[in-house]
Peer 1: 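The structure that follows is given in the form of structure tokens.
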Amino acid sequence: MEDCLFCKIVRKEVPVEIVYETENIMIFKDIHPKTPVHLLAIPKKHIQSVIHVEDKDLPLILDIWKGINKVVENFQIKDKGFRIVVNTGKEGKQAVLHLHFHILGGQQLP
Ligand code: AMP
Ligand code: ZN
């Protein structure tokens, strides 16, 4: 079992406000929102980062894309615009080593 914060969130050992969930993915509110809408989309499977995605994981990435499309609609930022950020590795300042897509919006971004 992975000793990883987001794996604990997947196992519901750490509470978060889940806004979208399927068998394979989860989207929840970031605990320290940097914008009015700040969500994190993750695969439930532990994948360290974008460079660790294998061919067999591609259906999960497609599910994340579908989930993002759904939540940006629900949070009414689909047409206004938003930003997807994926910090990767040390110099990319990835703090949690479980692949995640930041969804940022709800204001004019710099
Ligand atoms: P990163 O720096 O790209 O690895 O992003 C990690 C993100 O996880 C940060 O934006 C944190 O605010 C967020 N985060 C850390 N702990 C939690 C938590 N318990 N629940 C929700 N989001 C969290
Ligand atoms: Zn993990």
Side-chain angles (χ1 to χ4, degrees):
M1 221 187 281
E2 295 283 350
D3 185 26
C4 151
L5 174 63
F6 288 176
C7 284
K8 286 178 182 161
I9 286 172
V10 168
R11 296 196 299 266
K12 313 263 161 92
E13 292 167 13
V14 173
V16 288
E17 201 173 327
I18 298 169
V19 297
Y20 183 91
E21 186 175 11
T22 68
E23 194 187 339
N24 294 320
I25 74 143
M26 195 185 255
I27 305 180
F28 54 89
K29 291 190 179 177
D30 195 292
I31 201 168
H32 299 303
K34 292 185 178 60
T35 47
V37 179
H38 187 175
L39 310 171
L40 297 172
I42 67 167
K44 289 188 174 177
K45 177 187 171 188
H46 183 84
I47 300 172
Q48 188 175 322
S49 80
V50 282
I51 62 166
H52 298 85
V53 174
E54 297 173 31
D55 283 359
K56 63 176 163 40
D57 300 322
L58 291 177
L60 303 178
I61 304 302
L62 182 62
D63 276 9
I64 287 175
W65 238 239
K66 287 183 190 165
I68 289 174
N69 267 283
K70 195 71 208 158
V71 296
V72 295
E73 198 177 310
N74 293 348
F75 281 83
Q76 297 171 340
I77 56 170
K78 186 174 180 172
D79 299 324
K80 291 181 189 164
F82 56 91
R83 188 172 293 162
I84 296 171
V85 174
V86 190
N87 298 326
T88 305
K90 188 166 172 279
E91 293 194 358
K93 283 212 154 224
Q94 181 182 4
V96 179
L97 300 182
H98 181 130
L99 177 64
H100 53 282
F101 297 76
H102 294 260
I103 304 155
L104 299 154
Q107 66 173 61
Q108 179 61 56
L109 296 172

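Just follow the structure's listing: the first ligand is 1, and inside any ligand the first atom is 1. Residue numbers count from 1 along this sequence. Basis for what follows: all heavy atoms, side chains included, without hydrogens, waters or symmetry-related copies.
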Peer 1: I'd like to check whether His100 has a polar contact with ligand 1, where a contact means an N/O of the residue lying under 3.5 Å from an N/O of the ligand.
Peer 2: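 N/O-N/O distance under 3.5 Å: yes.
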Peer 1: Do Phe28 and Phe6 have ring centres separated by under 6.0 Å?
Peer 2: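 Close enough - the centres of the two rings lie under 6.0 Å apart.
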Peer 1: Looking only at non-hydrogen atoms, which of Ile31, Ile9, Val86 approaches atom 14 (N) of ligand 1 most closely?
Peer 2: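 Result: the heavy atom closest to atom 14 (N) of ligand 1 is in Ile31.
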Peer 1: Less than 4.5 Å apart, any side-chain heavy atom of Asp57 and any of His52?
Peer 2: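 Answer no - side chains too far apart.
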Peer 1: Among the N, O or S atoms that His98 has, which is closest to the Zn ion (ligand 2)?
Peer 2: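 Output for this pair reads ND1.
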Peer 1: For Ala95, is at least one N or O under 3.5 Å away from an N or O on ligand 1?
Peer 2: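 Yes, Ala95 has an N/O under 3.5 Å of an N/O on ligand 1.
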Peer 1: Strictly distance-based, threshold 3.5 Å: is any side-chain N or O of His38 a donor or acceptor partner for the main-chain N or O of Ile31?
Peer 2: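 No; zero donor-acceptor contacts below 3.5 Å.
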Peer 1: State, yes or no, whether a side-chain contact exists between Leu99 and Gln48 at a heavy-atom distance under 4.5 Å.
Peer 2: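 Not in contact.
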Peer 1: Please identify which atoms of ligand 1 are closer than 4.0 Å to at least one heavy atom of Asn87.
Peer 2: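 By the 4.0 Å cutoff, the relevant atoms are 1 (P), 2 (O), 3 (O).
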Peer 1: Strictly distance-based, threshold 3.5 Å: is any side-chain N or O of His32 a donor or acceptor partner for the main-chain N or O of Asp30?
Peer 2: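 Checking the backbone N and O of Asp30 against the side chain of His32, no donor-acceptor pair under 3.5 Å is found.
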Peer 1: Show the atoms of ligand 1 that are less than 4.0 angstrom away from any heavy atom in Gln94.
Peer 2: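 Answer, ordered by atom number: 4 (O).
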Peer 1: Closest non-hydrogen protein atom to atom 9 (C) of ligand 1, residue and atom name please, with distance?
Peer 2: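 Result for atom 9 (C) of ligand 1: Asp30 OD2, 3.4 Å.
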Peer 1: Can you name the N, O or S atom of His46 that is closest to the Zn ion (ligand 2)?
Peer 2: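 It is ND1 of His46.
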Peer 1: So if you build clusters from Ile, Leu, Val, Met, Phe, Trp, Tyr with side-chain heavy-atom gaps below 4.5 Å, do Phe82 and Val19 land together?
Peer 2: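 Per the 4.5 Å side-chain linkage, Phe82 and Val19 are co-clustered.
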Peer 1: Using distance alone, decide if ligand 1 has a nitrogen or oxygen within less than 3.5 Å of any nitrogen or oxygen in Lys29.
Peer 2: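 So ligand 1 has no N or O lying under 3.5 Å from an N or O of Lys29.
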Peer 1: Taking only heavy atoms of Lys93, which atoms of ligand 1 are found under 4.0 Å from at least one of them?
Peer 2: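 In order of number, 2 (O).
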Peer 1: Under a 4.0 angstrom heavy-atom cut-off, which atoms of ligand 1 come close to Leu40?
Peer 2: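 Near Leu40, the atoms of ligand 1 are 8 (O), 13 (C), 22 (N).
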Peer 1: Hey, mind stepping through Lys44 and Glu21 against salt bridge (charged side-chain N to carboxylate O under 4.0 Å, His left out) and telling me if it holds?
Peer 2: CA-CA 10 Å; Lys44 289 188 174 177; Glu21 186 175 11; 2.8 Å; yes
Peer 1: Kindly indicate, with the supporting measurements, whether the criterion side chain to side chain contact (heavy atoms under 4.5 Å, CB included) is fulfilled by Tyr20 and Leu39.
Peer 2: CA-CA 10 Å; Tyr20 183 91; Leu39 310 171; over 6 Å; no
Peer 1: Once rounded to the nearest 0.5 Å, what's the spacing between atom OG1 of Thr35 and atom CD1 of Ile77?
Peer 2: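 Here the interatomic distance stands at 8.0 Å.
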Peer 1: Do Gln107 side-chain atoms and Leu109 backbone N/O form a donor-acceptor pair below 3.5 Å?
Peer 2: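 No; zero donor-acceptor contacts below 3.5 Å.
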Peer 1: Hey, is ligand 1 close enough to His102 that some N/O pair sits below 3.5 Å?
Peer 2: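 For ligand 1, there is an N or O atom that lies under 3.5 Å from one belonging to His102.
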Peer 1: Taking 4.0 angstrom as the limit and counting only heavy atoms of His32, give me the atoms of ligand 1 inside it, by number and element.
Peer 2: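 What qualifies from ligand 1 is 12 (O).
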Peer 1: Quick one: which ligand 1 atoms are inside 4.0 Å of a heavy atom on Phe6?
Peer 2: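 Going through ligand 1 atom by atom, the ones under 4.0 Å from Phe6 are 8 (O).
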Peer 1: Find all atoms of ligand 1 within a distance of less than 4.0 Å from any non-hydrogen atom belonging to Leu5, and give their numbers and elements.
Peer 2: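 Per the distance check, 15 (C), 16 (N), 17 (C).
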